[in-house]
Each structure stands twice: as C-alpha cells, then as structure tokens.
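Here is how names work: the chains are called A, B, and so on, in the same order as the sequence lines, proteins then strands, and each is numbered from 1.
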Amino acid sequence: MIGNYPLHLIILVLLWGYIYTGWSLMGRLGMVSFGHGAFMGIGAYTVVMLWNHFGVSPWIGALAALALAAAVALMIGYPCFRWRIVGHYFALVTLALSEVTRLVITAMRDQTGGSLGATPNGALTEGATVALGALQFSSKWVWLAIVAAFWLFGLWVWRAVDRGMGRLALQAISEDEEASASVGIHVTRAKLRVTLVSALMTCTGGVLYAQYQLYVNPDTVSGIAISLQMVFGVIAGGMFVMLGPTVGAAFTLLLAEGLRLAFGNRYPALDTTIYGAMLVLFIIFMPKGILGAAASLLRRPRGSP
Amino acid sequence: MEIFDVYLLEAVLNGLLLGGLLALLSLGLNLIFGVIDVVWICYAELIMCGMYAVYYLHVQYHWPLAAAMPAAVLLVAALGVILHQFVIRPVLAAEPINQLLVTGGVLFFLQAAATLAFGVDFKNLGVSLPAVRLGEMSFSAARLIAFGAALTGVVCLYVFLNKTYLGTAIRAISQDRAIMPLMGVSPGRVFTITSALGGALAGVGACLLVLQYDVHPAIGLSFGPITFLICVLGGLGSMTGGLIAAFVFAQFISVGGFFFAIEWGYVIAFAFFIAMMFVRPQGFFKR
C-alpha cells in the first residue's frame with residue numbers, strides 16, 4: 001500500500017505529464033506557444049464558476065470549457081496561421097493571450113474571487129467518498145485511475161499524430177512554409193488541427209487540476225508563469241520523444257519535492273533557482289532534453305565517438 | 001469644465017507620463033533585438049536586479065540616491081554583458097527559438113534567486129515625492145521625473161546612434177551582419193557593447209521604477225510582458241515604432257483603467273495588441 005503523499009506526487013506527475021504532452025504536440029512541430037496557460041485557465045475556471053454560481057455539474061461544465069477553449073484556439077490560431085505569424089512572433093502573440101486570460105479572471109473578482117482564487121463548493125456529504133455528479137472524490141486512488149487514463153490517452157494522441165500524414169505535413173511546414181504550401185499542403189488547416197487538439201488537451205488538464213486540487217487561482221492556472229512552466233518542463237524532459245514531457249514533469253516535481261524534503265521550507269525558491277540554472281545549461285548543451293539526449297546516446301552506434 | 005472631463009484629462013495625461021516610462025523600458029530591449037536579433041525575455045528581471053541594487057545601496061548601506069542610482073545602472077550593464085557572453089553567445093548559431101527560451105531560463109533563475117536572497121516581501125525605497133498639482137488635477141512627481149528622464153534617455157540614445165562612430169557601427173551591423181566584418185567592424189565587440197548599453201537602459205528604467213513601485217521578486221512578471229508586446233507592436237527593432245507603441249499602450253491602460261478597472265485597461269491593451277498582430281504582423285514600422 002502506498003501512502004497518500006507518494007500517491008499525490010504520482011497523480012501530479014501524470015496530470016502535468018498529460019498537459020505537457022498536449023503542449024508538445026505543437027511545440028515539437030515548430031509552434032512554440034506561450035499561451036497554453038490560457039487554455040488551462042479556461043478549463044479550470046469555467047468548470048468551477050459554472051458549478052459555484054449556477055450549480056452546473058462539472059461534467060457539463062467541462063463540455064462548456066472545451067467549447068470555449070476550442071473557440072479561443074480557433075480565434076487566435078486561424079489569423080496566426082493564415083498570416084504566417086511564426087517563431088518569436090507566435091510565441092509573443094500567444095503570450096499576450098495567456099496574460100489576457102489571467103487579467104480577465106482577476107478583473108472579474110466579484111465572480112471569480114480575483115487573485116485570492118476560488119474553491120469549488122464541496123459536494124461530499126459526511127462519510128461519502130464519491131460525489132460523481134460534482135466530480136469530487138476524496139480517494140486519491142480514484143484520481144490516480146482518472147489521471148492515468150488521461151495520461152495514456154495523451155500518449156495515444158501523440159502516437160496517432162506521429163503516425164498520421166498530418167505530422168509529415170507539419171514537419172515540412174516547420175522547415176519551410178512556402179515550399180510546403182507549394183506542394184499542396186494546406187498550411188493553415190494542418191496547423192489549426194493540431195492546435196485544436198493541443199488546446200483541448202490542456203483545457204481538460206485544467207478541469208482535472210481544478211477538481212483534484214479543489215482550488216483555483218488565476219496566477220497558478222493561467223498567465224505567463226504557468227505558460228512558461230509548461231514550455232520549460234517539456235524542454236527539460238525533451239519534446240521530441242513520446243515520454244519526454246512526462247519525464248520533464250517528473251523531473252521538475254521531484255526536484256522541487258526533493259529539495260523541500262532536504263531543506264524543509266528554509267530556502268523557499270531554491271528549487272526554481274536550480275531549475276532555472278539547469279534550464280539554461282540544458283538549452284545550451286542538451287537542447288533535446290534529458291530523454292532526447294539519452295535516446296540519441298543509445299542510438300549512436302558502438303565504437304563511434 | 002465638467003468634473004468628469006477633468007478626470008478624463010487627468011487619465012489621458014497620466015497615460016502620457018506612463019507612456020514615457022514604457023518607452024524607456026522598451027528601448028533597451030528594442031536595441032538588443034535590432035542589433036543581436038535576440039529577445040531577452042528576462043529583460044524585466046534585469047530591471048528587478050537594478051531596483052534591488054538601488055534599494056539595498058540606499059536603504060541598507062545609506063548611500064545617497066545620487067550615488068546608488070549610477071552604481072545600479074553600472075551593475076545592470078555588467079549583468080547585460082555577462083548574460084550576453086555566457087548565455088546568448090553559445091546559442092547564437094542555434095535556432096532562433098532557442099535564444100528566446102534560454103533567456104526564459106534566466107528569467108526563472110533570476111526571479112527565484114531574488115526570492116532566495118531577498119525574500120518575497122515588498123521593499124519600499126521610503127522616498128516619497130510630493131504630488132504636483134495642476135488646476136484640479138494632480139500628478140505624482142515620480143512620474144514626471146520618470147517621463148523627463150525617459151525622454152532624455154531616448155534623445156541621448158538617438159544622438160549616440162546617429163552621431164558617433166560606435167553608434168554608426170551598431171546601426172550598420174543591425175542592417176547587414178554579414179558584410180560588416182569585411183568593413184573592419186568586429187561583431188563580437190559591437191554585440192558586447194550593445195548588451196552593456198541595453199543593460200544600462202534597463203538600469204535607468206530600474207532607477208525610475210523604484211521611485212514609484214515597491215520591489216519584489218515577481219515584479220518582472222507584472223511589466224515584462226507589456227514591454228515585449230510594445231516592442232512587437234512597434235515592429236521589433238524599430239525605435240520609432242517602439243516609442244509610438246508605448247504611448248498607444250499607455251493610453252489604453254490609463255484611459256481603459258479610468259472607465260473600467262485597471263485590469264480591464266490591460267485587457268483592452270493586450271486585446272488591441274492581438275488584433276493589431278493580425279492586421280499588421282510586422283508592427284507599426286517594419287525594420
């Protein structure tokens with residue numbers, strides 16, 4: 001039997017692994033988005049707000065969140081791809097999107113509680129461990145099963161994208177947009193499709209995060225900080241291998257928890273300091289990430305340097 | 001004059017003052033992008049370092065502000081050079097997005113290191129400047145000083161770039177990086193000088209901000225994004241575009257904040273940015 005704490009860590013690794021996998025679908029095909037905090041925030045807040053203010057079950061709320069995330073993804077994605085906004089510019093436009101989401105949530109403080117965050121109304125009655133309609137479970141095992149299922153689903157999506165024709169098209173696009181358009185690839189459509197999948201995955205991640213933690217805060221589910229966290233978690237793990245994002249999630253979480261256990265709360269930001277320094281070193285010396293570097297080490301034929 | 005109009009006018013004028021400050025903040029970032037072709041995502045964190053430097057030199061070590069501020073400017077300039085030599089230079093040949101990401105790593109590092117070293121509490125310089133009254137309107141003197149200093153900085157940079165040999169070399173290298181080594185200009189040296197200059201501008205920004213705002217480790221996140229967006233809106237690398245964009249943004253924030261709440265001012269400004277990206281992705285002025 002595993003204790004609650006390791007179980008909590010496993011749940012978080014799988015949950016973030018799922019979200020990071022969703023982000024990498026775009027990232028590894030040349031679309032580095034700094035805006036995925038927006039989709040996560042939409043997922044988390046739509047569900048909690050509908051539940052708290054209108055008593056709408058999170059099951060329905062999740063559908064509403066997905067619809068909203070899809071609408072936002074199309075609204076930002078279509079013009080970006082149509083008018084060839086790539087590289088730096090794409091990163092900065094999406095960064096603006098994630099800040100807009102955070103600021104809107106903060107500004108609607110009468111409904112959302114502003115930067116103090118919000119807690120979904122409890123639905124678990126005395127003695128009950130499951131409130132299915134409210135998507136609230138007190139047992140961590142139930143959550144483990146849920147996030148594990150989503151994580152596996154994320155890996156399946158990755159594989160499906162990887163094996164489809166769309167991946168080849170997108171890879172061609174990320175190398176040279178004009179040339180791939182000239183051989184008959186519909187650039188905008190190909191990019192929009194993968195963006196939509198990626199945004200919806202991140203949105204469901206936000207829903208799960210809100211229902212698991214039973215607390216949402218604009219600064220921890222949306223905005224530039226969380227968007228950068230996703231990007232860098234993926235870079236640490238490696239975005240070109242299927243398990244890379246999960247390794248990144250595990251690595252960052254275990255680093256934080258390990259240092260917390262070793263030093264207690266004496267040095268509150270030590271983990272991020274080390275993490276930041278390591279990121280810089282990673283990008284300079286190991287741009288493929290931990291798993292990517294390990295994979296190319298294994299693939300190298302014996303005897304060669 | 002109607003009382004309503006007085007407050008609106010005050011909001012517009014305050015927006016103008018804010019615009020000056022934002023213009024100065026975006027200037028260094030723009031210079032670095034124009035010359036080295038790299039966006040320092042951690043630019044606002046360099047400013048934070050400068051703010052802490054002024055705070056500690058003035059409050060802890062009792063230096064007069066007239067000494068603490070130049071020292072902070074020099075320190076941030078040195079940080080800029082260190083950043084360029086040890087972080088940017090190794091990835092100059094890599095994919096452009098890696099250069100963006102590597103400075104993002106520096107952002108995390110600086111922010112966390114500041115938390116570790118200085119704690120999360122807000123630190124106030126303890127210098128309170130009087131409000132300046134103009135008819136029924138009042139303006140903070142710190143903002144007026146910031147506006148004046150920002151304009152001076154813009155003019156100085158303009159003169160430096162256009163009237164000196166070094167400035168000409170910097171402009172030349174931003175126009176054609178391949179040909180300049182053949183003309184006897186060493187790109188490495190120009191890059192180092194530009195990084196120092198960009199850092200120094202961040203330092204000046206820090207001195208002006210520390211008069212108005214409390215320092216805390218996450219302060220970079222509150223005005224970092226807006227600084228990049230101004231540069232992009234103006235056209236990355238275009239100084240004139242950056243200036244205009246700064247004033248446009250500041251008006252949205254100030255007047256939008258006047259009609260609704262301050263966050264809505266930012267929301268409107270950011271939404272305007274996104275819309276403009278679709279209309280004119282290259283910014284107001286293409287380099």
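Annotation for A:Arg84: atom CZ counts as buried by contact number, over 12 foreign heavy atoms lying within 6.0 Å. The environment of A:Arg189 atom CZ is sparse: at most 12 non-hydrogen atoms of other residues, nucleotides or ligands sit within 6.0 angstrom. Heavy-atom contacts from other residues, nucleotides or ligands closer than 6.0 Å to OH of A:Tyr78 number 12 or fewer.
With a 4.5 angstrom heavy-atom cutoff, A:Val104 touches chain B via backbone and side-chain atoms both. Of the atoms belonging to B:Leu116, heavy atoms from both backbone and side chain fall under 4.5 Å from chain A. For B:Ile41, the part lying near chain A is the side chain, with the backbone staying farther off; criterion is any non-hydrogen pair under 4.5 Å. Heavy atoms of A:Ile224 lying under 4.5 Å from chain B belong exclusively to its side chain. Interface remark: A:Leu103 contributes backbone and side-chain atoms alike to the contact with chain B (heavy atom separation under 4.5 Å). For B:Val91, the part sitting under 4.5 Å from any heavy atom of chain A is the side chain, from C-beta outward, and nothing else. Looking at A:Ala91, the atoms closer than 4.5 Å to chain B (heavy atoms on both sides) all sit in the side chain, from C-beta outward. Interface remark: A:Leu281 contributes no atoms to any contact with chain B (heavy atom separation under 4.5 Å). A:Arg109 touches chain B through its side chain: at least one heavy atom from C-beta onward sits under 4.5 Å away, while N, CA, C and O do not.
How far CG of A:Leu228 is from CD of B:Gln111: 9.5 Å, rounded to the nearest 0.5 Å. Summarising the geometry, atom CG belonging to B:Leu100 is positioned 9.5 Å from atom CD1 belonging to A:Ile283; distances are rounded to the nearest 0.5 Å. Note: B:Phe228 CZ to A:Leu92 CG = 7.0 Å, rounded to the nearest 0.5 Å. Considering CG of A:Leu279 and OG1 of B:Thr103, their distance stands at 11.5 Å, rounded to 0.5 Å. Summarising the geometry, atom OH belonging to B:Tyr266 is positioned 10.5 Å from atom CD belonging to A:Glu99; distances are rounded to the nearest 0.5 Å. To the nearest 0.5 Å, atom OG1 of residue A:Thr272 and atom CG of residue B:Leu107 are 11.5 Å apart.
What you find for B:Val102 and A:Val280 is that their closest heavy atoms are O-CG2, 3.8 Å. B:Phe273 approaches A:Ala96 most closely through the heavy-atom pair CD2-CB, 3.5 Å. Considering every non-hydrogen atom in both B:Gly105 and A:Phe232, the closest pair reads N-CZ, 3.8 Å. Between A:Thr273 and B:Ala113 the shortest heavy-atom distance is OG1-N, 3.6 Å. When all heavy atoms of B:Phe108 and A:Ala225 are compared, the closest pair comes out as CZ-O, 4.5 Å. Across all non-hydrogen atoms, the minimal contact from B:Ala271 to A:Val100 is N-CG2, 4.2 Å.
Of all the listed residues (B:Ile226, B:Asn98, B:Val120), the one sharing the greatest number of non-hydrogen pairs under 4.5 Å with chain A is B:Asn98.
A 4.5 Å side-chain heavy-atom check between A:Met108 and B:Trp264 finds at least one atom pair inside the cut-off. Using a 4.5 Å heavy-atom cutoff, the side chains of A:Phe34 and B:Leu101 are in contact.
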